[in-house]
Amino acid sequence: MMHRKKKEKAIESTLLMVSGITVIALFLLCFFLFREGYLLFGDYSLISFITETSWYPSSSPAKFGLLPLLTGSLIVTAGAIILSVPLGIASALYISELADPKVAQLIKPFVEILAGIPSVVYGFFGLIVVVPLLQDLLDLPTGQTALAGSIMLGMMALPTIISVSEDAINSVPTALKEGSLALGSTKWQTIYRVVLPAALSGISAAVMLGIGRAIGETMTVMMVTGNTAIIPGIPEGLFDPVRTMTATIALEMGEVPQGSEHFHALFAVGSVLFLITFIINLIADSVKKKYRLQEGV
């Protein structure tokens, strides 16, 4: 008995230590990121960084405008979510509620394989297949556009949305479904009126995770979006080349002198990206809590 208590105490201490290290590492990461980004504003105006419509680090004077990078990221992410969310939720419903068990067991491994494919492979596929296809179908000067990025990011977000949504749908108690069917509801009415509302907490988390995956992706968007730092229109900007925040950091960080104004500007962009991702996670957490309270969980 004493040996078991010592073992449990050791496990608790180990878990506490690991949790503490995680918190400290996150704090140090945030401190380093924000400190390097803050140093930009010693010589460069914060207002100019937020409102400037050009990103020309090599000009004299240099222009570090966040707006073209932010709008590029948002329009690509919005397109990806519009494509992936309906398909992802529909696929999860089919696998969980409608498909034959053998068919469902056949589909699931393919979804997991899609989640494990490296982003550079998605980018290469988009560059070789999607980009020329869009250029020919839509008669565009170039197929490297925000739409190509949205399609590829939508494909990458699908496995996450499908997997998490499916888990949420499978966790709905069978008694709720049986009660709905016993009251005379059809299968579709049960899915729409009972299953989806009961699983909404998990589905909303899946959508937020998909958004986080899309807005933080680097390699794929760098390969298929054209990397032109302009402010795209909405919705016509989908058919123009754009540059995202992540692609800008990846393209330019290896070339800038450490400690330069350009160097700190890239960290400032990374700080904004971190804040956006943090806000998305907060929204996801609040949505989950809201629907759990409504469901009485």
Side-chain angles (χ1 to χ4, degrees), residues 26-80 119 123 141-142 144-150 152-153 211-282:
L26 180 60
F27 175 78
L28 292 175
L29 174 65
C30 294
F31 174 76
F32 172 72
L33 181 65
F34 289 113
R35 187 198 63 168
E36 294 293 337
Y38 176 75
L39 291 176
L40 170 69
F41 306 115
D43 300 319
Y44 197 82
S45 168
L46 174 61
I47 301 299
S48 298
F49 179 72
I50 296 173
T51 60
E52 177 65 58
T53 59
S54 303
W55 179 271
Y56 292 125
S58 57
S59 65
S60 183
K63 295 181 179 179
F64 302 110
L66 179 66
L67 274 180
L69 311 181
L70 180 61
T71 52
S73 294
L74 293 179
I75 197 169
V76 170
T77 302
S119 59
T142 174
Q144 291 181 299
T145 59
L147 180 59
S150 295
M152 297 314 302
L153 288 186
I211 293 174
R213 173 73 190 273
I215 202 168
E217 180 53 45
T218 303
M219 184 58 68
T220 301
V221 293
M222 190 169 66
M223 295 175 71
V224 303
T225 56
N227 298 309
T228 302
I230 60 173
I231 298 179
I234 298 174
E236 65 273 10
L238 274 173
F239 308 105
D240 294 328
V242 296
R243 177 183 281 196
T244 64
M245 292 185 288
T246 52
T248 301
I249 296 170
L251 286 168
E252 300 180 8
M253 183 57 78
E255 303 174 357
V256 300
Q258 186 170 353
S260 65
E261 191 177 48
H262 189 184
F263 178 84
H264 296 307
L266 293 176
F267 271 93
V269 173
S271 300
V272 173
L273 185 62
F274 177 87
L275 288 174
I276 291 173
T277 307
F278 182 70
I279 291 170
I280 289 172
N281 288 333
L282 285 180

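Throughout, residue positions are numbered sequentially from 1 according to the sequence presented. We use all heavy atoms of the structure for the numbers below, so side chains are in, but hydrogens, waters and symmetry mates are not.
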Quick one: does any side-chain atom of Ser45 pair with a main-chain N or O of Ile47 as donor and acceptor, under 3.5 Å? yes
Identify the two heavy atoms, one from Leu40 and one from Ala265, that lie closest to each other, and give their separation to 0.1 Å. CD2-CA, 3.7 Å
Please find the pair of heavy atoms, one from Ala148 and one from Val224, that lie closest to each other, and give the distance. CB-O, 3.7 Å
Taking distance alone, no hydrogens or angles, what donor-acceptor pairs closer than 3.5 Å link side-chain atoms of residues 30-39 to residues at least two apart or in another chain?
unit_1, atom_1, unit_2, atom_2, d
Glu36, OE1, His264, ND1, 3.3

Any donor-acceptor N/O pair, Ser73 side chain to Met245 backbone, under 3.5 Å: yes
Between Thr225 and Pro241, is there a donor-acceptor pair closer than 3.5 Å when you use the side chain of the first and the backbone of the second? no
Between CD1 on residue Ile230 and CG on residue Leu67, distance to nearest 0.5 Å: 13.0 Å
Stepwise ring-ring contact (aromatic ring centres under 6.0 Å, His included) test for Tyr44 and Phe49: CA-CA 8 Å; Tyr44 197 82; Phe49 179 72; 7.1 Å; no
About how many Å separate OG1 of Thr71 and CG of Leu66, when rounded to the nearest 0.5 Å? 8.5 Å
Minimum heavy-atom distance between Pro68 and Gly65, given as atom pair plus value: CD-O, 3.4 Å
Quick one: does any side-chain atom of Gln144 pair with a main-chain N or O of Met223 as donor and acceptor, under 3.5 Å? yes
Can you name the nearest heavy-atom pair linking Ala146 to Val242, along with the distance? CB-CG2, 3.8 Å
Within a 6.0 Å radius of atom CE on Met219, are there more than 12 heavy atoms belonging to other residues, nucleotides or ligands? no
Which residue pairs satisfy the ring-ring contact (aromatic ring centres under 6.0 Å, His included) criterion with at least one member in residues 241-263, sequence neighbours excluded? Phe64-His262, Phe263-Phe267
Can you give me the closest heavy-atom contact between Val221 and Ala247, atom names plus distance? CG2-CB, 4.5 Å
Working to the nearest 0.5 angstrom, can you tell me the gap between Ile249 CD1 and Thr218 OG1? 7.5 Å
Just to verify, what does Tyr56 make a ring pair (Phe, Tyr, Trp, His ring centres under 6.0 Å) with, not counting sequence neighbours? none
Does Ser119 offer a backbone N or O that forms a donor-acceptor pair with the side chain of Thr220 under 3.5 Å? yes
Val76 versus Leu153, closest heavy-atom pair with distance: CG1-CD1, 3.4 Å
Show, in sequence, the C-alpha distance, side-chain angles and deciding distance for Leu70 and Ile276, and conclude whether the side chain to side chain contact (heavy atoms under 4.5 Å, CB included) test is met. CA-CA 10 Å; Leu70 180 61; Ile276 291 173; 3.7 Å; yes
Does Thr246 reach the main-chain N or O of Glu217 with its side chain, forming a donor-acceptor pair under 3.5 Å? yes
When rounded to the nearest 0.5 angstrom, what is the spacing between OG1 in Thr248 and CG in Leu69? 4.0 Å
CD1 of Ile231 to CD1 of Ile75: how many Å apart, nearest 0.5 Å? 11.5 Å
